[in-house]
Number of protein chains: 2
Amino acid sequence: MKDVHNYDRDPDGSLYDPRVRAAMAGFAGGDPADPLTLLTCEAGAAVRTAYHSVERMRAHGSQGRGVSAGALDLLLRLNGSDQGISIGDLARAAGVSSRNVTGLMDTLENDGLALRVPDPGDRRSVLARITPAGRAWIEAFREPSRLAMRAMFQGFSAEELVVFRDLCLRLAANQHQLADRLSHLSQNGDQP
Amino acid sequence: MKDVHNYDRDPDGSLYDPRVRAAMAGFAGGDPADPLTLLTCEAGAAVRTAYHSVERMRAHGSQGRGVSAGALDLLLRLNGSDQGISIGDLARAAGVSSRNVTGLMDTLENDGLALRVPDPGDRRSVLARITPAGRAWIEAFREPSRLAMRAMFQGFSAEELVVFRDLCLRLAANQHQLADRLSHLSQNGDQP
DNA sequence: CCTTACCATGAAGGACGTACATAATTACGA
DNA sequence: TCGTAATTATGTACGTCCTTCATGGTAAGG
C-alpha cells in the first residue's frame with residue numbers, strides 16, 4: 001500500500017504524474033495539432049487522484065468515529081439548516097439519487113445523529129433534521145477536521161484555493177450542462 | 001436526479017456552491033481570524049463534486065461498453081507498456097490495494113482485454129499485459145472519449161488545465177506525506 | 001540452511017451508488 | 001368534482017470499488 005510518489009515537474013514547474021502521462025500519451029497521443037486532449041486527460045486523472053486523497057483523509061477523521069463519507073456529507077448539510085431538509089432536496093443538492101439519501105439517513109438515524117420528521121406542508125415528504133447528538137458529533141469532529149484540512153492544503157495560498165474551487169465547480173457545471181443536453185437529445189428527436 | 005445547479009459567484013467572479021458554504025459556515029465558521037479553514041472545506045467539497053462529474057462522464061463513455069471505471073484505469077495504464085506491469089506496481093501507481101487490482105484484472109481477463117503472463121525475473125510476480133482486443137477496445141473508445149473530455153473541460157485554457165493538474169497533484173502529495181507521517185508516528189513512539 | 005520479507009490471491013465484508021417497482025399523497029385538467 | 005398524471009420516500013435487487021486478514025508460493029540475506 002505504500003505508494004512511491006514520484007511525481008515530476010514540467011519545465012514550468014507544475015507537477016505531473018509520469019505514469020499517467022505515459023498511459024495517456026499512447027491514448028490521446030500522437031496528434032500534435034491537439035495538445036489539449038492530452039492535457040484534459042491528465043487533468044481528469046488528477047481529479048481522480050485528488051479525490052481519493054481527500055476521501056482517505058476524511059476516512060481517517062470520520063470513519064474512526066462511526067460515520068462514513070456519504071453520511072458525513074448529509075450531516076454537514078443538515079447542520080446548516082434548523083427546520084430540516086427533505087430527502088429529495090438533499091439528493092438534488094448532493095447530486096445523487098434520492099434512494100441513496102434514504103439509505104444514508106437510515107444509518108444516521110440508527111446512530112441517533114439525525115431523525116425524520118413529517119413535513120407539515122406535504123404529507124408525502126419527510127424532513128431530515130439533525131439531532132443534538134448530531135450537533136455534538138460535529139462539534140467533536142470540528143477541530144481534528146480543521147487540522148486535517150489545513151494539512152491537506154498545506155502550501156496552498158488563499159488565491160489558489162479560490163482558483164481550485166472555481167475550476168472544480170466549472171468542471172461540474174460543464175458536466176451537468178452536458179448531461180442535460182444528452183438526456184434531452186435522447187428524449188426528443190434530433191434537431192431543434 | 002435532475003440537479004438544479006445554482007452555483008453563485010463571489011465578488012471576484014469565482015464560482016462557489018451556496019449550499020456547501022451554508023453547511024460549512026456553521027461548521028468551520030465563526031472564527032474570523034481563520035478564513036482559510038472555510039476555504040479549504042469548500043475546496044474539499046468541490047473536489048468531491050468535480051470527481052463525481054468526471055466519473056459520471058466516464059461511466060457514460062465506458063460503462064456502456066462493458067468496462068467499469070477502475071478497470072478502465074488499469075487498461076489505460078497497460079496500454080502505455082508493452083512488456084506488461086506487475087500487479088503490485090499497478091496497485092502502487094493507482095494508489096489502491098493490490099487485492100483490488102487482482103480483482104479488476106480478473107474482470108479484464110474475463111473480457112479478453114488483458115492477460116496475465118509469468119514474470120521471467122520473479123516467479124512470485126505476475127505481469128499484466130494488454131491484449132490486441134484490449135488495444136482495439138481502446139482504439140474504439142478513443143474518439144468518443146476525446147470529445148467527452150473536451151466537452152467536460154470546455155472553457156478551460158491550457159494554462160488553467162496545467163494549474164488544475166498541479167493543484168490536484170499537490171493535494172495528493174500532501175495527503176501522502178501526511179499518511180506516511182501518521183503511519184510512522186503510530187509505528188514508532190513519539191518524539192524523533 | 002533458515003528466517004524473514006514479499007507477491008498474488010482466496011475469503012469475507014463494508015460502503016456507495018444505481019434502476020425499477022410500489023404505496024401514499026398531491027397537483028392539475030376536463 | 002373526479003380522474004389521471006406527477007411526485008415522494010422507500011422496498012427490493014444489484015453492481016462496483018475498496019478494504020483487511022489469511023495463505024501458499026517464492027526470493028533474499030544472514
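Every chain is numbered from 1, with letters handed out A, B, ... down the list of sequences.
- If you take CG of A/Leu104 and P of C/dG14, they are 16 Å apart, rounded to a whole angstrom.
- Legend: salt bridge (charged side-chain N to carboxylate O under 4.0 Å, His left out) pairs involving residues 125-134 of chain B, not counting sequence neighbours: none detected.
- Residues forming a salt bridge (Lys or Arg N to Asp or Glu O under 4.0 Å) with B/Asp122 (at least two apart in sequence, or on another chain): B/Arg124.
- Sequence neighbours left out, the pairs with a member in residues 87-138 of chain B that pass ring pair (Phe, Tyr, Trp, His ring centres under 6.0 Å) are B/Trp137-B/Phe141.
- Cluster annotation: B/Val96 is connected to B/Leu72 through the hydrophobic network of ILVMFWY side chains, with a link wherever side-chain heavy atoms come within less than 4.5 Å.
- Contact check, A/Ser97 against C/dT18: a side-chain N or O comes under 4.0 Å of OP1 or OP2.
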Contact list (N/O, under 3.5 angstrom) for nucleotides 25-27 of chain D vs protein:
unit_1 : atom_1 : unit_2   : atom_2 : d
D/dA27 : OP1    : B/Arg123 : N      : 3.0

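- Annotation: salt bridge (Lys or Arg N to Asp or Glu O under 4.0 Å) contacts of A/Glu55 (sequence neighbours excluded): A/Arg58, B/Arg48.
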Taking only N/O atoms, report every protein-nucleotides 10-13 of chain D pair under 3.5 Å with atom names and distance.
unit_1 : atom_1 : unit_2   : atom_2 : d
D/dT10 : OP1    : A/Arg116 : NE     : 2.7
D/dT10 : OP2    : A/Thr102 : OG1    : 3.0
D/dT10 : OP2    : A/Arg116 : NH2    : 3.3
D/dG11 : N7     : A/Arg99  : NE     : 3.0
D/dT12 : O4     : A/Arg99  : NE     : 3.2

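- Across the protein-nucleic acid pair, B/Asp119 atom CG and C/dC6 atom P stand 17 Å apart, rounded to whole Å.
- Taking 4.0 angstrom as the limit, B/His52 places a side-chain polar atom (N or O) nearer than this to OP1 or OP2 of C/dG17.
- Every side-chain hydrogen bond (donor to acceptor under 3.5 Å, both in side chains) that B/Asn79 has, sequence neighbours left out, goes to B/Arg135.
- Partners of A/Glu139 by side-chain hydrogen bond (donor to acceptor under 3.5 Å, both in side chains), not counting sequence neighbours, listed by chain and number: A/Arg142.
- Residue A/Ser125 places at least one side-chain N or O under 4.0 Å from the OP1 or OP2 atom of D/dA9.
- Checked against salt bridge (Lys or Arg N to Asp or Glu O under 4.0 Å), B/Arg99 has no partners two or more places apart in sequence or in another chain.
- Straight-line distance from the CD atom of B/Glu55 to the P atom of C/dG17: 11 Å, rounded to whole Å.
- Here B/Arg77 pairs with B/Asp73 in a salt bridge; the nearest charged N to carboxylate O distance falls below 4.0 Å.
- Residues satisfying the side-chain hydrogen bond (donor to acceptor under 3.5 Å, both in side chains) test with A/Asp17, not counting sequence neighbours, are none.
- For the contact set between residues 72-86 of chain A and DNA chain C, defined by any heavy atom under 4.0 Å, there are no members.
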Result block: side-chain N/O donor-acceptor pairs under 3.5 angstrom for residues 110-118 of chain B, not counting sequence neighbours:
unit_1   : atom_1 : unit_2   : atom_2 : d
B/Arg116 : NH1    : B/Asp106 : OD1    : 3.2
B/Arg116 : NH1    : B/Glu109 : OE1    : 2.4
B/Arg116 : NH2    : B/Thr102 : O      : 3.2
B/Arg116 : NH2    : B/Asp106 : OD1    : 3.0

